[in-house]
Amino acid sequence: MRKSSVVERSASWSPFPVDRPLPQVPAFATRAPGRAAGAVEVDGIPQAAAWDLAERRYRVCTDAPHGVDLCEIEPDGRQVWWFDTDGEAGPGTGRWSRQPFGGGDVGDALPGTPPGRMYGVAFDRDGRTAAVAVGVNGTTRVHAGPPGGPGGEVLVAEGYLGLVDLAPDGSLLVLAGRPDGPGAVCLCALSSRSSRRGVEWLGGGYGRRLWPLEFRPTGPPELLLAIERLDGFALATWQPGRGLRVYERPLFDTEISARWLGSGRGVLVQQDRHGRSRLHRVGLDAGLRVPLPTPDGTILDLALAPDGRVYRLWTNAEVPPTVLDSTLDSGSGPADGLGPVGRPEPGAASARGVVRSERWTEQPYGAVHTFLATPPGTGPWPAMFLVHGGPGTHDRDCYDPRVEVLTAAGFAVARVNYRGSTGYGARWRRGFGHRVGLAQLEDLAAVRRDLVAAGVVDPERVGLSGYSWGGYLALLGMGVQPGEWALAMAAFPIADYPAAHRATTPALREVDVELFGGTPDEVPQRYRDASPMSYVDNVCGPVLLVSSRTDERCPAEQVQRYATALAGRGVRCELAWVGGGHHSRDSADHASVMDRMLRFATDVLPPVPGRTRGRSPSVTTAGKEVTHEATQRAQRPDPQR
């Protein structure tokens, strides 16, 4: 046994329904249908938990001070796994741990695996072989072996590769690289003794971006993939000796993910389109698509249970993330007492009087979609643009506590799906060349003009706020468009793009290379044009910066230099240091950042006297920001900021 963060009362079980927020749907034991593992929030921090579905109870496994990234369960249901980053290996670095389902000693899940960043975990169907991928010194290292036994190294590759799945017979594992690169898909063959036998690569490129999804759960290895073509998004399969087969129908106009439905040729597809999620059942051979009943909103996570039920972590603008389950032949039903809640009609006022609507701002290159929330009363209001990160994510119909806090304080809130956002098709996702940041600012400014012309927002009182890549755009906007924005609030941002690229993680360097078409050494002018530091002399309005000294993705040093440069010019700049790194798992950290932002915004843009305002909710109970970096279980960590 090795030391780990585990609660002392490890055999303590609690009855369903789960009375704590769920950051993910459970992972099910394929050979023990009554057992699952999932994370639950304890005192605002996600902890690993064992779920006894047959007895309708759950047990918290960990007491990790900083929480857990992901937990899984072995196919036979005997052991729960979690990625433990609370050791001494450094920020973001850890090992996989395992513990018996009912409680007991904790040990290394795959001894011999070096500590590193979590790049994925997978099991074969019978649980005889497990594979994990970790990032170590700029390389991806994959180890495989019997769970709890020695893990042998089977693959070392430069850069970032995310482990996606292991074939049911344990003969083949698949990893994902950059979808448009020569190593989009890596297929690594294993012997029964986990020694290296051979590697095959499937390349992506223009008109063929590839995402490996999972192996068919039974039978010979057959890999399911999603492919982005020039005419849309389609499904594909790969088999040894047969290669890649692309299915011409059905074709989807926006991004998809998919899962096999049992052992047949059916597939469950989740499509993210225009800020909402839809489910479809697809017969691969017939090319038929059948839409499935889904409440309006967003599916943040999805899993298929061994009994065929579909579990979804679902939300909409009025409802925090909620677990729903259903069969494929019926509508949604309650899961452990939690059932679906309908979405209000667009433009309808909520219980607090907040009016939610959507707006499409026409531009020569397409229409920019915005989710808008306004306080009670009549405008124009001071406004805050909440800019999403990524850039390859999107704002959607989901619960965001920041919207509740800001509208209660008297602000209109705009969430804009600028070019580069997912959910609007391949052309919108990448149709801005390599004008990184600048194209997105054009979209934000266009929506601002539209809302001013409509009398919704006060043109002198509009600010930008964002986390990560959204914070980057907020800083860039203050320098490139100083006359448009009254303030910027940027948490964990990129402030100096070339410096951030060189100091960030290998996964994010891959994203940057795709965005810019090269590294800062290869295309230096593109990085300079996109860097907030290049325009620091233009900044006039107040700036709030929030950073963490343990942030690996957007390192603190470049944020500090940007703050120093603003201070040297006499621009009001506040720099707040917080713990928890780039994505703290503690909801108290998120609440403290939101509290700081709210105080800054209301100080710079105080409410208009006499304007109707709502009652501000307690920031300390607002919870953490709802993010959706991937539409499926995080077997492959999403590299987006």
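Sequential numbering from 1 along the given sequence is applied to the chain's residues.
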- Query: How far apart are the C-alpha atoms of L279 and Q270, what are their side-chain angles, what is the distance that settles it, and do they pass the side chain to side chain contact (heavy atoms under 4.5 Å, CB included) test?
  - Reply: CA-CA 5 Å; L279 294 178; Q270 177 180 330; 3.8 Å; yes
- Query: Does the pair E552/R117 count as a salt bridge with the N-to-O cut at 4.0 Å?
  - Reply: yes
- Item | Which residues share a salt bridge (charged side-chain N to carboxylate O under 4.0 Å, His left out) with D126, sequence neighbours left out | R128
- Partners passing side-chain hydrogen bond (donor to acceptor under 3.5 Å, both in side chains) against H280 (at least two apart in sequence or in another chain): Q271
- Message: Please check: side-chain N/O of D108 versus main-chain N/O of L110, any donor-acceptor pairing under 3.5 Å?
- Response: no
- Heavy atoms, side chains only, cut-off 4.5 Å: are Q79 and P100 in contact? yes
- Item | salt bridge (charged side-chain N to carboxylate O under 4.0 Å, His left out) partners of E514, counting only residues at least two apart | R209
- All side-chain hydrogen bond (donor to acceptor under 3.5 Å, both in side chains) counterparts of E214, not counting sequence neighbours: none
- P212 to A184 - nearest heavy-atom pair and separation: CD-O, 4.2 Å
- Query: Can you tell me how far CG of L210 sits from CD1 of I227, rounded to the nearest 0.5 angstrom?
  - Reply: 5.0 Å
- Is the number of heavy atoms from other residues, nucleotides or ligands under 6.0 Å of R278 CZ greater than 12? yes
- Message: Could you tell me if the side chain of I45 sits less than 4.5 Å from the side chain of H66, heavy atoms only?
- Response: no
- So do the side chains of E72 and L70 get within less than 4.5 Å of each other, counting heavy atoms only? yes
- Message: Please evaluate residues D169 and S171 with respect to the criterion side chain to side chain donor-acceptor pair (under 3.5 Å), reporting the C-alpha separation (whole Å), side-chain torsions for both, the decisive distance (0.1 Å), and the verdict.
- Response: CA-CA 6 Å; D169 62 3; S171 65; 2.7 Å; yes
- Check whether any side-chain N or O of T129 sits under 3.5 Å from a backbone N or O of D124 as a donor-acceptor pair, and report yes or no. no
- T237 side chain to Y247 side chain, donor-acceptor N/O pair below 3.5 angstrom: yes
- Pairwise distance CG(D296) to CZ(R276) - rounded to 0.5 angstrom: 5.5 Å
- Message: Testing the basics here: between C61 and V80, what is the closest heavy-atom pair and its distance to 0.1 Å?
- Response: SG-CG1, 4.3 Å
- Criterion side chain to side chain contact (heavy atoms under 4.5 Å, CB included) on H394 and D272, from CA distance to verdict: CA-CA 9 Å; H394 62 275; D272 287 319; 3.9 Å; yes
- Applying side chain to side chain contact (heavy atoms under 4.5 Å, CB included) between P250 and each of V282, I256, V269, report the one that passes. V282
- Item | Worked check of side chain to side chain contact (heavy atoms under 4.5 Å, CB included) between W211 and L224 | CA-CA 9 Å; W211 293 270; L224 181 66; over 6 Å; no
- Task: With sequence neighbours excluded, give me every ring pair (Phe, Tyr, Trp, His ring centres under 6.0 Å) pair touching residues 122-141.
- Result: W81-F123
- Message: Just so I know, are the side chains of V132 and V142 near enough to count as touching, which here means a heavy-atom distance under 4.5 Å?
- Response: no
- Query: Within the side chain of T294, is there an N or O that forms a donor-acceptor pair under 3.5 Å with the backbone of L292?
  - Reply: yes
- Item | Value rounded to 0.5 Å, distance of CD1 in I299 from CG in L313 | 9.5 Å
- Candidates W96, F83, Y160 - the one meeting ring-ring contact (aromatic ring centres under 6.0 Å, His included) with Y119: Y160
- Query: With no hydrogens and no angle check, is any side-chain donor or acceptor of D301 less than 3.5 Å from a backbone partner on V25?
  - Reply: yes
- Message: How long is the straight-line distance from NE2 of H143 back to CD of E153, given to the nearest 0.5 Å?
- Response: 4.0 Å
- Query: Under the side-chain hydrogen bond (donor to acceptor under 3.5 Å, both in side chains) test, which residues partner R273, sequence neighbours left out?
  - Reply: D253
- Item | Any residue meeting side chain to side chain contact (heavy atoms under 4.5 Å, CB included) with A131, in chain and number order, not counting sequence neighbours | A144, L163, L173
- Is there side-chain contact between L261 and R281, with at least one heavy-atom pair below 4.5 Å? yes
- Task: Report, as yes or no, whether the 6.0 Å neighbourhood of atom CZ on R249 holds more than 12 heavy atoms from other residues, nucleotides or ligands.
- Result: no
- Task: Return the minimal non-hydrogen interatomic distance between P168 and P217, and the atom names on each side.
- Result: CB-O, 3.4 Å
- Enter the distance from L161:CG to T140:OG1 here, rounded to the nearest 0.5 Å. 4.5 Å
- Could R35 and E55 be called an ion pair, given the rule that one side-chain N must be under 4.0 Å from one carboxylate O? no
- Who passes salt bridge (charged side-chain N to carboxylate O under 4.0 Å, His left out) against R430, sequence neighbours left out? E228
- Message: Checking the side chain of T315 only, and the main-chain atoms of V319 only, is there a donor and an acceptor separated by less than 3.5 Å?
- Response: yes
- Item | From CA spacing to verdict: side chain to side chain contact (heavy atoms under 4.5 Å, CB included), V199, L187 | CA-CA 6 Å; V199 176; L187 294 144; over 6 Å; no
- Item | Close side-chain approach of L175 and L155, heavy atoms under 4.5 Å | yes
- Exercise: identify the closest heavy-atom pair between L213 and L225: CD1-C, 3.9 Å
- Minimal non-hydrogen separation, V154 against C188, with atom names: O-SG, 3.9 Å
- Between T505 and R553, is there a donor-acceptor pair closer than 3.5 Å when you use the side chain of the first and the backbone of the second? no
- Message: Once rounded to the nearest 0.5 Å, what's the spacing between atom CE of M118 and atom CH2 of W82?
- Response: 14.5 Å
- Item | Which residues share a salt bridge (charged side-chain N to carboxylate O under 4.0 Å, His left out) with R265, sequence neighbours left out | E222, D285
- Under the side-chain hydrogen bond (donor to acceptor under 3.5 Å, both in side chains) test, residues paired with D76 that sit two or more places apart: none
- Query: With sequence neighbours left out, what residues match A305 under side chain to side chain contact (heavy atoms under 4.5 Å, CB included)?
  - Reply: F28, D307, Y311
- Query: What are the two closest heavy atoms between G425 and T254, and how far apart are they?
  - Reply: N-CG2, 3.6 Å
- Message: Assess the residue pair R309 and D325 against the criterion (salt bridge (charged side-chain N to carboxylate O under 4.0 Å, His left out)); give the C-alpha distance rounded to whole Å, side-chain angles, the decisive distance to 0.1 Å, and a yes or no.
- Response: CA-CA 6 Å; R309 298 187 72 80; D325 77 321; 2.6 Å; yes
- Item | Pairs involving residues 216-243, ordered by first then second residue, that meet ring pair (Phe, Tyr, Trp, His ring centres under 6.0 Å) (sequence neighbours left out) | none
- Message: Does any part of the side chain of T298, heavy atoms only, come nearer than 4.5 Å to the side chain of N316, both counted from C-beta?
- Response: no
- Query: Considering only heavy atoms from C-beta outward, does the side chain of R178 approach that of V513 to under 4.5 Å?
  - Reply: yes
